[in-house]
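Encoded as structure tokens, the structure appears first; notes follow it.
Residues take their numbers from the sequence shown, with the count starting at 1.
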Amino acid sequence: MTRNVRTQTRPGTRSHSSATATAPNAAPAGLSPDEIEARHLAMLQVCDSVFPIGAFALSNGMETFVQRDFLRRGPDFEQYLKNYLEVAPYKEIGQMVIAGRYAQDSRLSERGLDTRIEELDALCSALQSAREIRDGSERMCARLIKLVEKMDANGTATVTATTGSGIKRGGIERNSPHLARYRRLIADGRCRGLHAIAMGLYAADHAASLRSAAVTYGYSLISALTMCAAKAIPLSQYAGQVALHDSFPNLVQAVDVAFTLKPDDLGISGAYLDIAAMQHETLYSRLYMS
């Protein structure tokens, strides 16, 4: 869903270039090709499987399906990815997109944005009925914020059009203001801190477009599941990569669905994933933390 956002701000509203895009896949005006690529790299880094926030240790309940003999072969995993992406817009991808759209909406006042983020955080926390997934998301969020603090402090943030040097300086408050806002709300006890929301706010600060960032984030989710499947089923690397590649159209469709949703739409499907994640807590033996 596309939406025009006014470029003229009223008193008490926020103004930033990323909010002026007329479509979710449009890059902010005034960015050079090099700056757009740097923004793509910023998202690739935080979505990379080697980014040390602990995503590799989570199967999000998939290990339960393996031990229940629902996942035994490559075709089983292909179907699992298809089913997962059918509900992903109402879970992590949807949470990430809504958070990013809040951050990009210049019509919201500072207090209004705080309220929207608090409400989204509370809603998404409540929807995470499986304790292991909720705890894992909170740990990943905390580690993401800590790493971004260090990267911004070292001057390795996204290239900007204003400096000409390719480096933004001034720490997380300047380089990643929306993520810094979330950090403050968490420190004040007003938010729990969830990874999907943090990724949406980070995308609002750094991504060339929110839609591109959402696709990259969704890829990181299914790529992590593919690595988990290779170990847990076990699945050959070849079969895993074929299944991952074949899921790309479904991933793009999932992102497009996420852009049509409102917060009230989150959590309307995927109960079987939540049940599997709850059952994972009592499995006799486990390779993964969720």
**Asked** Is any NZ, NE, NH1 or NH2 atom of the basic residue among Arg211 and Asp256 found under 4.0 Å from an Asp or Glu carboxylate oxygen of the other?
**Response** yes
Pairs of donor and acceptor atoms involving the side chains of residues 216-223, under 3.5 Å and at least two apart or interchain, shall be tabulated with distances.
{"residue": "Thr216", "atom": "OG1", "partner": "Ser212", "partner atom": "O", "Å": "3.0"}
{"residue": "Ser220", "atom": "OG", "partner": "Tyr217", "partner atom": "O", "Å": "2.5"}

Mind checking the [atom1]-[atom2] spacing from [X] to [Y]? Nearest 0.5 Å is all I need.
{"X": "Met43", "Y": "Asp48", "atom1": "CE", "atom2": "CG", "result": "12.0 Å"}
{"X": "Tyr182", "Y": "Ser176", "atom1": "OH", "atom2": "OG", "result": "15.0 Å"}
{"X": "Glu92", "Y": "Tyr84", "atom1": "CD", "atom2": "OH", "result": "4.0 Å"}
{"X": "His206", "Y": "Gln45", "atom1": "NE2", "atom2": "CD", "result": "10.0 Å"}

Donor-acceptor check, side chain of [X] to backbone of [Y], threshold 3.5 angstrom: yes or no?
{"X": "Arg101", "Y": "Gly200", "answer": "no"}
{"X": "Ser247", "Y": "Leu244", "answer": "yes"}
{"X": "Asp205", "Y": "His178", "answer": "yes"}
{"X": "Asp76", "Y": "Arg73", "answer": "yes"}
{"X": "Thr260", "Y": "Val257", "answer": "yes"}
{"X": "Asp265", "Y": "Lys262", "answer": "yes"}

Within a strict 4.5 Å, meaning less than it, do heavy atoms of the [X] and [Y] side chains meet?
{"X": "Asp121", "Y": "Ile186", "answer": "no"}
{"X": "Gln95", "Y": "Gln128", "answer": "yes"}
{"X": "Cys141", "Y": "Ile197", "answer": "no"}
{"X": "Val148", "Y": "Asn175", "answer": "no"}
{"X": "Phe77", "Y": "Val242", "answer": "no"}
{"X": "Asn250", "Y": "Leu81", "answer": "no"}
{"X": "Glu119", "Y": "Pro263", "answer": "no"}
{"X": "Leu201", "Y": "Ile117", "answer": "yes"}

**Test side chain to side chain contact (heavy atoms under 4.5 Å, CB included) applied to Glu110 and Arg181, step by step** = CA-CA 10 Å; Glu110 297 288 338; Arg181 179 188 299 272; 2.3 Å; yes
What's the shortest heavy-atom distance between [X] and [Y], and which atoms?
{"X": "Phe259", "Y": "Ala214", "answer": "CE1-CB, 4.4 Å"}
{"X": "Pro89", "Y": "Ala258", "answer": "CB-N, 3.9 Å"}
{"X": "Met227", "Y": "Ser49", "answer": "CE-CB, 3.5 Å"}
{"X": "Ile145", "Y": "Ile172", "answer": "O-CD1, 4.4 Å"}
{"X": "Leu123", "Y": "Leu266", "answer": "CD2-CD1, 4.3 Å"}
{"X": "Met199", "Y": "Leu144", "answer": "SD-CD2, 3.8 Å"}

Set of salt bridge (Lys or Arg N to Asp or Glu O under 4.0 Å) partners for [X], sequence neighbours left out:
{"X": "Glu149", "result": "Arg183"}
{"X": "Arg192", "result": "Glu138"}
{"X": "Arg184", "result": "Asp114"}
{"X": "Glu118", "result": "Arg190"}

**Prompt:** Heavy-atom count around Gln253 CD within 6.0 Å, excluding the residue itself: above 12?
**Reply:**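 Check fails, neighbour count at 12 or below.
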**Message:** Which Ile, Leu, Val, Met, Phe, Trp or Tyr residues join Leu44 in one cluster when any pair of side-chain heavy atoms under 4.5 Å counts as a link?
**Reply:**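 Its cluster partners, ordered by chain and number, are Leu41.
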**Prompt:** Yes or no on side chain to side chain contact (heavy atoms under 4.5 Å, CB included) for Glu86 and Lys82, after CA distance, side-chain angles and deciding distance?
**Reply:** CA-CA 6 Å; Glu86 287 177 350; Lys82 180 180 179 181; 4.0 Å; yes
**Message:** What verdict does the side chain to side chain contact (heavy atoms under 4.5 Å, CB included) test give for Ile93 and Met96, after you've listed the backbone C-alpha separation in whole Å, the side-chain angles of each residue and the deciding distance to 0.1 Å?
**Reply:** CA-CA 5 Å; Ile93 295 178; Met96 181 266 189; 5.7 Å; no
**Request:** Check step by step if side chain to side chain contact (heavy atoms under 4.5 Å, CB included) holds for Arg143 and Phe51.
**Result:** CA-CA 10 Å; Arg143 292 168 182 170; Phe51 196 66; over 6 Å; no
